[in-house]
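Report on the following structure.
Below, read A as the first sequence line, B as the second, and so on, with proteins coming before strands; counting in each chain starts at 1.
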Amino acid sequence: MEAAIQLDNLQKTFVLTRWRRFRRVRTEVLAVAGITLDVPAGQAVAIIGPNGAGKSTTIKMLTGIVHPSGGHARVRGMVPWLERRRLAGRIGAVFGQRSQLWYHLPPRETFELLARIYGLDRERYRRMRDELVDRFALGAFLDRPVRKLSLGQRMRAEVAASLLHEPEVLFLDEPTIGLDAVARQELRAVVREWNRERGVTLLLTSHDAGDIEHVAKRALVIHQGRVVLDDSVASLRRRYLGSKVLRVRFHEPPAPFHLAGITVVKSAGSALKLHVDTRVVAIERVMTAVLKSGPVADIAIEDPPLDEVIAHIYTRPPPTAEDGAPA
Amino acid sequence: MNRPSVYLHVGRTAARSHLAYLGEVAARATFLTVLLYIFLQLWRITYAETGADRLGGFTLAQMLWYLAMTEAIILSAPPVTPAIDQDARTGGIAVHLLRPISYPFYRLWVALGEQLVRFALNALVGAVLATALVGPAPLAARGVAMFLVAIPLAFTLDFTAHLGIGLCAFWLEDTSGLALLYRRATMLLGGVLLPIDLFPAGLRSALAFLPFRDVVYGPAHLFVQPDGDFLVRLLVRQATGVAALGLVAAAVYRAGVRRIHAHGG
């Protein structure tokens, strides 16, 4: 499949200067230490990493806003920082903490302006606007000043505004920051639909595991400016932590059982929630023990929450080449 | 560069957005009332004390109408430097750079749109006040027309200076001090309080090399004393000023956008 985004040893070094005893001291900070990566067209990729890992800097280099210190990158065949204005018509971006909507005007006015900026003809603009209004459920507040919208409504309008010119690649930098649970779910659903139905390539950064789990298929973990893990979201959750959550409901209270590698997370009458460390005990052994302890009415084996996986990766030192981690 | 209609639409959107600030604009207009009344009293005394009918070529009525227009211009200046300063320092410029549009031209048309709303109200209030205080304007349609021809470049020249100052935020922690200096210089040296004609000859000559008089004095002078040659000279000076300051601002911008990384992550 054709690569929508290609990075080849992309690097960014910031130079911080400060005065110390009448002397100017320059400090170099390595924000992105050399990322190599291909993202096929239509893929939804999440970039995960703690604050300062280099996620936003990478997105800003790929949108042409920040100039890299080294390496190469192409987005839809263009070098972003050299062809920024030409590329702008083919990409969209939402920065969760920055707004492109006019605060005192209704979203419709911003859409009108963006249509002119992107040179959309009236028919194409109206078709896209109506489709986005329908998909993002903007109809109720399309003509209400942005200052009177809830944060959830505003973010839906922000994402819709970034899709108006039908970009081939959409960059989402912490799009759900500050949103409540319902608004987050709504936003994830429409973004996921747009990615799957329209084939828009997605590059998403977020600290919210739900965003990554529900929107992305592939996850990159960045630590200190390097990709320390590049895997599918499902595999990341399944393999990386090496644990499972087991929920069991018995017909009657079960007999107590003890097995190394099992932690009882919750016990209420005939229901149990167990954390199983599969590196210590095989899941089959646990199942056998559970079935022996009482008549089982229902049983479910779940992957651990992605939050847990991410927290584990963050606190783990970056793997070395010997660990077999991707560079 | 994008089609001019795109930037016209940016200006129109900015003007519509700024209508939400009518309360603030009205408050400035109230301030204008107080200012004009005080100046009228000062100039009345000055004219009476000197016994002259004209000072610097201006009658008392012309002087008040001149002041009404200079104040309308100066009080209509939008907060260009703080907006650009914020964009540069916080990284907010990223949102603008994502679009196929020139950031400086985008900011110019936003400023022009806002200034149009402010200036229209200030000029209206100034005209009503001046009429009430010294009678109908001693002017002709020719003066109004020349004034309106000179105003867009005056605003553009003022914007270009503010753009250069605001973009310094890529290097400086805060540009508000520089912006304050520029605004005060415009007020004192631009002929806001006193027509340049009344300045000492040496200072007048020095001011010929600075842009301040072309922002305020030039258009207001044309309003009360229309003169074709003066208009042509003013337009040439304004265009030269815009080109010179524009080159400086463009160089600052080109160097500044390469430093975006250090501002706002």
Side-chain angles (χ1 to χ4, degrees), chain A residues 12-17 29 31-32 51-52 54-57 59-61 63-69 80-81 83-95 97-106 109-110 112-119 145-147 158 161-162 165 167 171 173, chain B residues 1-25 83 86-107 109-110 113-114 117 170-173 253-265:
Chain A
K12 183 66 195 177
T13 306
F14 298 149
V15 178
L16 298 178
T17 53
V29 179
V32 176
N51 290 330
K55 308 183 298 289
S56 294
T57 305
I59 282 200
K60 283 180 181 158
M61 285 193 280
T63 48
I65 296 165
V66 166
H67 292 242
S69 311
W81 49 95
E83 301 167 271
R84 179 178 63 78
R85 282 171 69 175
R86 200 157 74 85
L87 179 65
R90 298 179 67 180
I91 61 169
V94 174
F95 297 116
Q97 300 185 58
R98 313 216 181 271
S99 179
Q100 61 174 323
L101 301 171
W102 287 72
Y103 188 64
H104 291 294
L105 297 176
E109 298 262 2
T110 301
E112 284 282 341
L113 179 59
L114 289 173
R116 284 166 201 269
I117 288 175
Y118 286 105
V146 169
R147 67 174 185 275
E158 291 279 359
S162 69
H165 59 290
F171 296 93
D173 193 6
Chain B
M1 201 166 86
N2 300 63
R3 286 165 292 130
S5 66
V6 171
Y7 292 107
L8 278 174
H9 200 83
V10 170
R12 182 175 160 269
T13 307
R16 285 170 65 86
S17 173
H18 203 66
L19 288 174
Y21 291 100
L22 268 185
E24 185 221 342
V25 179
Q86 279 292 307
D87 281 349
R89 269 192 304 124
T90 66
I93 196 170
V95 170
H96 304 293
L97 294 181
L98 283 170
R99 301 175 191 152
I101 196 166
S102 152
Y103 174 75
F105 278 99
Y106 173 81
R107 275 282 166 219
W109 283 91
V110 168
E114 286 184 21
V117 174
F170 281 117
W171 293 270
L172 305 175
E173 284 302 313
Y253 177 70
R254 270 198 298 275
V257 288
R258 297 186 71 89
R259 297 174 55 89
I260 287 175
H261 60 269
H263 302 269

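- Within the 4.5 Å cutoff, no side-chain heavy atoms of A:R90 are placed close to those of A:P167.
- For A:L113, the parts sitting under 4.5 Å from any heavy atom of chain B are the backbone and the side chain alike.
- Using a 4.5 Å heavy-atom cutoff, the side chains of B:E114 and B:S17 are not in contact.
- In this structure, chain B has no heavy atom under 4.5 Å from any part of A:L87.
- Within the 4.5 angstrom heavy-atom criterion, only backbone atoms of A:S99 (N, CA, C, O) approach chain B.
- Of the listed residues (A:M61, A:R84, A:R147), the greatest number of heavy-atom pairs within a distance under 4.5 Å of chain B belongs to A:R84.
- No side-chain heavy atom of B:W109 sits less than 4.5 Å from a side-chain heavy atom of B:I101.
- Between B:Y103 and B:H96, the two ring planes are tilted [angle within 30° to 60°].
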